[in-house]
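Here the structure is laid out as structure tokens; the discussion comes afterwards.
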Number of protein chains: 2
Amino acid sequence: MFEGSQLAKKYKIKKCECPSGKMTRFVEPCLLFFLSQQASYGYELMAKLDGFGFPKAKPDPAMVYRTLRYLEKEGFVVSRWDIKGGGPAKRIYELTARGFGLLHLWAEGIETRKKVLEKFLVLYKQRFKGTKKRMKPAVGRSR
Amino acid sequence: MFEGSQLAKKYKIKKCECPSGKMTRFVEPCLLFFLSQQASYGYELMAKLDGFGFPKAKPDPAMVYRTLRYLEKEGFVVSRWDIKGGGPAKRIYELTARGFGLLHLWAEGIETRKKVLEKFLVLYKQRFKGTKKRMKPAVGRSR
DNA sequence: TACATCTATATGTAATTAACATATAGTATA
DNA sequence: TATACTATATGTTAATTACATATAGATGTA
């Protein structure tokens, strides 16, 4: 996400020191949402995630498949095998009523998250507007 | 964050199953931002975090102190002891030029995160507008 | 037909990050 | 002199992600 960034180069901040591009447990709500649109299976859901504009280039298959199994174990989705179509058998997942409930809950949480990030960005832009983003350390302290 | 939520009750979703209120590594950029305003120390920074509208009620002292030591180890902040003021000695932190760089990098990352969350919410609202948020599972599948 | 490639699902393990618990100690106040 | 508050810090467990690898059917192609 930040590799090759101009800022990272400027301040000699290596990749490993950079803020991670993780979106904590964001795969789960995405899967729930996709399944709320229509039943689907792991491989296809992975492709949808790929086009979602994730920070990380590629979604991890492990995350997708394990999350789906977890959701089924907890009763948020149900699955059945599809051996009709071409290629290897697919495990088709469908969202249950509880699954819809979880999705709505996630949406509330994501709304909150977004607001917190927005608040940060408002304060940040306020603090640095007009500057060249290379402020000297502030002197003195609070109280 | 979701305990006591109407939705959670409605769908019998227990606390432990709920999406976590975590904001991955969000303490770090907040500390950097506060220090970009003025030098400060752990206990005071913790209080500022508290008022930031975090999903979790109280910030974890362990996170704050450990993050500050990490930032110093990596050269993003420098510290000195303050034994003048009342109460126990305080370790005052100041942001370095590299620290400012890291903050700007974080701001870029947070902007990206926010956009991803926004995208999710737009699609979600589009999908469920007008419904009572209790949709029956979709039938049929893709292709 | 043999081989590579694509589709599809799945698990094992290491690394990262957060959460919870606890220790230490100086200062203020009741 | 106990109690609460301020202040910093570390040890350990739990949660979550990242990376590696296994399996296997179907399809294309040399």
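Every chain is numbered from 1 and lettered A, B, ... according to where its sequence line falls, protein lines coming before strand lines. Computed from a prediction, not measured in an experiment: that's the story for all the values here.
Here the nucleotide nearest the side chain of A/Y41, chosen from C/dT11, C/dT9, D/dA9, is C/dT9. Side-chain proximity of B/D60 to the nucleotides D/dA26, C/dC20, D/dT16 is greatest for C/dC20. Listed nucleotides: C/dT9, D/dT12, C/dG12. Nearest to the side chain of A/R66: C/dG12. Relative to the side chain of A/P88, the nucleotides C/dA8, C/dT17, D/dT8 differ in distance, and C/dA8 lies closest.
Ionic pairing of A/E44 and A/K90 is not present here: no N-O contact between side-chain nitrogen and carboxylate oxygen is shorter than 4.0 angstrom. Residues B/E111 and A/K125 are paired through a salt bridge, judged by an N-O separation under 4.0 Å between the basic side chain and the carboxylate. Look at B/E74 and B/R98 and you find no salt bridge, because none of the NZ, NE, NH1 or NH2 atoms lies under 4.0 Å from a carboxylate O.
Nucleic acid contact class of B/A62 (heavy atoms, under 4.0 Å, all strands): base. Among the heavy atoms of the strands lying under 4.0 Å from B/R69 are primed sugar atoms or P, OP1, OP2 only; no base atom is included.
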Do B/E72 and B/S79 pass the side-chain hydrogen bond (donor to acceptor under 3.5 Å, both in side chains) test, and can you show the C-alpha distance, the side-chain angles, and the key distance before you say yes or no? CA-CA 7 Å; B/E72 177 152 43; B/S79 76; 2.9 Å; yes
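Heavy-atom nearest nucleotides on DNA chain C were determined for A/A89 and for A/M63, and the one closer to the 5' end corresponds to A/A89.
The interatomic distance linking B/K73 (NZ) with D/dT10 (P) rounds to 12 Å, in whole Å.
An OP1 or OP2 oxygen of D/dT8 is reached within less than 4.0 angstrom by a side-chain nitrogen or oxygen of B/Y65. Phosphate proximity of D/dA9 to B/R91: present, with a side-chain N or O under 4.0 Å from OP1 or OP2.
Remark: A/A89 engages A/W81, A/I83 in a side chain to side chain contact (heavy atoms under 4.5 Å, CB included) (not counting sequence neighbours).
Taking the side chain as every heavy atom from C-beta outward, A/F52 and A/F26 approach each other to under 4.5 Å.
Helical stems in DNA chain C, defined as runs of 3 or more consecutive Watson-Crick or G-U wobble pairs with donor-acceptor distances under 3.5 Å: C:1-30 with D:1-30.
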